[in-house]
Asks: 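Here it is, the structure, as structure tokens.
All values below come from the heavy atoms of this structure, side chains included, with hydrogens, waters and symmetry mates left out. Letters A, B, ... mirror the listed sequences (proteins, then strands); counts begin at 1.
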2 protein chains.
Amino acid sequence: MASRTIRTPGIKDVAALAGVSASTASKALNDTGQLRAETRERVRRAAEQLGFTPDSRGRALASGRSFTVGLITTDSSGRFSIPIMLGAEDALSAGEMALVLCDTRDDPLREQHYLKSLVSRRVDGIIVTGRRTEAREPIDVPIPVVYAFSPSTDPDDTSVIVDDHGGAASAARHLLSLGREQIAHVTGPESHLSAQIRAAATMGAAREAFVGQPLYGEWSERWGRHAVDVLLRAQPTVDAITCGSDQIARGVCDRLRELGRSVPDDIAVTGYDNWSVMALASRPPLTTVDMELEELGRRTANLLLDVIAGSPRRGQLILPTRLIPRESTLGT
Amino acid sequence: MASRTIRTPGIKDVAALAGVSASTASKALNDTGQLRAETRERVRRAAEQLGFTPDSRGRALASGRSFTVGLITTDSSGRFSIPIMLGAEDALSAGEMALVLCDTRDDPLREQHYLKSLVSRRVDGIIVTGRRTEAREPIDVPIPVVYAFSPSTDPDDTSVIVDDHGGAASAARHLLSLGREQIAHVTGPESHLSAQIRAAATMGAAREAFVGQPLYGEWSERWGRHAVDVLLRAQPTVDAITCGSDQIARGVCDRLRELGRSVPDDIAVTGYDNWSVMALASRPPLTTVDMELEELGRRTANLLLDVIAGSPRRGQLILPTRLIPRESTLGT
DNA sequence: GAAAATCCGGAACACGTTTTCCTGGACGAA
DNA sequence: TTCGTCCAGGAAAACGTGTTCCGGATTTTC
């Protein structure tokens, strides 16, 4: 039994090597307590020499915190959740927090399972995010929670959301400022809140320049192409189209080009999302609205850190979007 | 001090309520030790009544395991890492393991930081993944590691990779089986291993049906469009084009349509990646090669679980791809 | 020179669980 | 009756850290 299997060194090993007690070593490494500078240094060198990395399980137990937050997403495959995730992870890692990923795949059972697991891990906080802007049922855990993108239905919960209204309005105003006078709107299913909001905001901002009715369809290029035909039949003199997504906008551009209409000379087009594979690959590249989701993720994480630190900020935080002007409205 | 702040109940509370000792409660809840069935049941009811969830920090400390694995990715924004991540998370969550996400953003400093953090958390294992198929430097930690997508340069490490050669060959064989006799290949930068491999595999499988030289460029639609012009000038009689990515293939299709060439009647086209927003939105939808990355993630996770359990499987595991036939080769 | 203040560092405990070892009792066999 | 066996459950150690308290040593003060 003399030669135990090799372990990673613990604080006791460091202490022994430095010739002090474990508690002294702890104080030395954490810059706490009253120690001579020389002692501190000696312990530090010992730790260095042994390649000591403190075991956060012990620390977690002692401190009552786990330095971990859970991210629960209804679909991380979606392109909305991912930037949020990344932003959150970025903000958290700066604070030495780890992020554990839970993809529920929209399955309530899986969600329950994950919640239980996170509670059992005594996670310091939870971020909940979804792929729709509709408010969602709050989750019930004895742990700080912040909602991102999909707010909680409970207005007292902390939620960080995108200013969808402002985003759509900024696109419309951009077109007005370029002198466009007949603006149409093509977007996704009317059942989607974001489609409704964007349509309403567009009409509100365009006012008398808005022509016809918003065209609801699906979030696809195909619908964008088809919508052009519908639109041109009803409003042949339209000179601008704002779209509810970059995919739709790309379809719109493609179809317009096929019909020999120039973008933006004849008709200007705007997208929504700033999804680079769509917005940049489109011909011409799309003027679009960036929801700045990574920043949203960061803000969410920082808000969660505040809640954990004991100073919660309740209610909805609405983050601004950013208009990215490109050739589809400006020309070359 | 009598009314302490309300805590989540511990196993001792459960034990007290059931009238047994903590150790007995532990045994009852874990189906271990020698206990009367009646006692077990009593403890279970007590746990249920108190809504007891075991604290995994304590469990981690006692068991020596943390029931956590780290996923280190050089860019999780890439569309390759994400399905891998999801697959891994899926496989791990079944085993009650949590996955902590570490996005290094290709920064060696951040990678070091994350590694230190994972070691400090005494993670049970680490999955390393990247966005390129080139082998990468192994990481040096006293923890089981499995590499996914980007293998380790050390052949003794465990790596799970995609059969890029087989994938490209399957596309070429598919075209041959359809009677195509002049096959060209358009792909990404020659500096990318995957581009080289796919080109070589295409030539090998097409044999005398291969015309000209592989056209190397970039992974973009723009290059795909441009490549068509280059290609048709050099090889006017080509009747099939295999592409190194769906983006390139989409560009190829677009340009061919503009030139009045029918896909697939005049020229058949195949993509690579089965990236649905590209492959399905393309006109016509693309026959393409699916790398089954989510499955790769699952396999990787399961392999890691094996290593953790003590039965490592060294070397490279090469997973097959799947050919997805669609209209761009089959017609309607 | 003695008392007080200050500085250092160690012993012990807490955190929540699992696990090993041990004890007391019931039971059967000789 | 006595010995051994088996069962049910408890006490304590272990995991690795942080923290509180306390005592000894050194310095300061009168």
Asks: Nearest-Å distance, CZ (B:Arg42) to P (D:dA8)?
Replies: 13 Å
Asks: Going by an N to O cut-off under 4.0 Å, is there a salt bridge joining B:Glu38 and B:Arg42?
Replies: yes
Asks: Atom CG of B:Asn30 and atom P of C:dT20: how far apart are they, to the nearest Å?
Replies: 13 Å
Asks: Taking only the side-chain nitrogens and oxygens of A:Ser26, find out if one of them lies under 4.0 Å from OP1 or OP2 of D:dG18.
Replies: yes
Asks: Grab the CZ-P distance between A:Phe67 and D:dT17 for me, whole Å please.
Replies: 14 Å
Asks: Taking only residues two or more places apart in sequence, or in another chain, which ones meet B:Phe80 in a ring pair (Phe, Tyr, Trp, His ring centres under 6.0 Å)?
Replies: B:Phe149
Asks: Taking the side chain of A:Ser21 as heavy atoms from C-beta outward, which of C:dG10, D:dT17, C:dT17 is closest to it?
Replies: C:dG10
Asks: Looking at B:Gly33 and B:Lys27, what are the two nearest heavy atoms and their distance?
Replies: CA-CD, 4.2 Å
Asks: Rounding to an integer number of Å, can you tell me how far B:Arg122 CZ sits from D:dC15 C1'?
Replies: 11 Å
Asks: When you measure from the side chain of A:Ala62, which nucleotide among C:dC15, C:dT18, C:dG10 comes out closest?
Replies: C:dC15
Asks: Between A:Arg136 and A:Thr74, does any side-chain donor sit less than 3.5 Å from a side-chain acceptor?
Replies: no
Asks: For A:Arg322, does the CZ atom sit with more than 12 other heavy atoms under 6.0 Å from it, leaving out its own atoms?
Replies: no
Asks: Measure CZ/A:Arg59 against P/D:dT17 and give the value in whole Å, please.
Replies: 9 Å
Asks: Could you tell me whether A:Thr39 contacts a base, only the sugar-phosphate backbone, or nothing, with contacts defined as non-hydrogen atoms closer than 4.0 Å?
Replies: sugar-phosphate
Asks: With a 4.0 Å limit, can you tell me whether A:Arg57 has a side-chain N or O closer than that to the phosphate oxygens OP1/OP2 of D:dG16?
Replies: no
Asks: Kindly say whether, by distance alone, the side chain of A:Ser23 makes a donor-acceptor pair under 3.5 Å with the base of C:dA11?
Replies: yes
Asks: For A:Ser56 and for B:Gln34, find the nucleotide of DNA chain D with the closest heavy atom, then tell me which residue's nucleotide is more 5'.
Replies: B:Gln34
Asks: Quick one: A:Arg65 CZ to D:dT19 P, roughly how many Å, whole number?
Replies: 12 Å
Asks: If you find the nucleotide of DNA chain D closest to B:Ala37 and the one closest to B:Gly58, which residue's nucleotide is nearer the 5' end?
Replies: B:Ala37
Asks: Over how many whole Å does the gap from A:Arg40 atom CZ to C:dC7 atom P extend?
Replies: 13 Å
Asks: Figure out the NZ/C1' separation between A:Lys12 and D:dG18, and round it to whole Å.
Replies: 13 Å
Asks: At under 4.0 Å, does any side-chain N or O of B:Arg36 touch on OP1 or OP2 of D:dC7?
Replies: no
Asks: Checking contacts here: which listed nucleotide (D:dT20, D:dG18, D:dG9) is nearest the side-chain heavy atoms of A:Lys27?
Replies: D:dT20
Asks: If you only use heavy atoms from C-beta on, which nucleotide in D:dT17, C:dT18, C:dC15 is closest to the side chain of A:Leu61?
Replies: C:dC15
